[in-house]
Amino acid sequence: VVNYSLHIRKSSFRRSSLLIDIESGIYKDEKNIILIADDDYYCLSTLENILNKIIAHSQTFKEYIVFKIKDGIDIINTVIYDQNKKNKIKLIISDENMNICNGSDAFMFLNNLFLMERLKKIPMWILTALENEEDLNFIKEKCQCDLILKKPPLKSRILFELEELMRNES
């Protein structure tokens, strides 16, 4: 198991462990990436298992791998790094409430970079345990995410949304 915790750089010559993990983890083959973020190990593992089952049993997604990280700051760093290297991240699925940086805050930051045309737009989904429709609408407006999924995520719903995403991209 790779540790995806973020280490602050002390000099421009040292690379963070996250960047090393990215290079060794997601660029070992040329597959597209679904980036998932959650600070809760159980939730992160559950989502990873669901996605890996979909990938294993679907011709449409056989060219994808799942890369997991633990915080919104890691989302920002990973996406910026990827778009400067190989542009393999095709979807981000993030928990809303995380310890350091929430998913919606990371998405707001990325959306600003998309609008300034510093990065290419990537579909972004939020996972949340929130039930109140007002709260869900607030999150969607705040971060301009493409989809909000309620926890726990259902394999059938994720598969449906992934297939919709693929149809819309082609």
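It should be emphasised that the depicted structure is a prediction, and the values quoted were computed from it without experimental measurement.
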May I have the list of side-chain donor-acceptor pairs in residues 118-137 shorter than 3.5 Å, sequence neighbours left out?
unit_1, atom_1, unit_2, atom_2, d
Thr128, OG1, Leu130, N, 3.1
Asn132, OD1, Glu134, N, 2.7
Asn137, ND2, Glu133, O, 3.3

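Using a 4.5 Å heavy-atom cutoff, the side chains of Ile93 and Leu35 are not in contact. With contacts defined as side-chain heavy-atom distances shorter than 4.5 Å, the pair Asp38/Ile69 does not qualify. The shortest side-chain heavy-atom distance between Phe61 and Leu51 does not fall under the 4.5 Å cut-off.
Checking side-chain atoms of Asn102 against main-chain N and O of Met98 turns up a donor-acceptor pair under 3.5 Å. Judged by distance alone, with hydrogens and angles left aside, the side-chain atoms of Asp39 form a donor-acceptor pair with the main-chain N or O of Asn99 at under 3.5 Å.
A continuous path of hydrophobic side-chain contacts links Leu159 to Leu149 [ILVMFWY only; heavy atoms under 4.5 Å]. In this structure, Ile55 is a member of the same hydrophobic cluster as Met166, with clusters built from ILVMFWY side-chain heavy atoms closer than 4.5 Å.
For Glu163, the salt bridge (Lys or Arg N to Asp or Glu O under 4.0 Å) test picks out no residue, with sequence neighbours left out. Applying the salt bridge (Lys or Arg N to Asp or Glu O under 4.0 Å) rule to Asp71 yields no partners; only residues at least two apart in sequence or on another chain are considered.
Checked for salt-bridge contact, Lys70 and Asp95 miss the test: no charged N lies under 4.0 Å from a carboxylate O. Looking at Lys68 and Glu48, a side-chain N of the basic residue comes within less than 4.0 Å of a carboxylate O on the acidic one, giving a salt bridge.
Heavy atoms only, all atoms of each residue included: Arg157 and Leu147 are closest at NH2-CD1, 3.4 Å.
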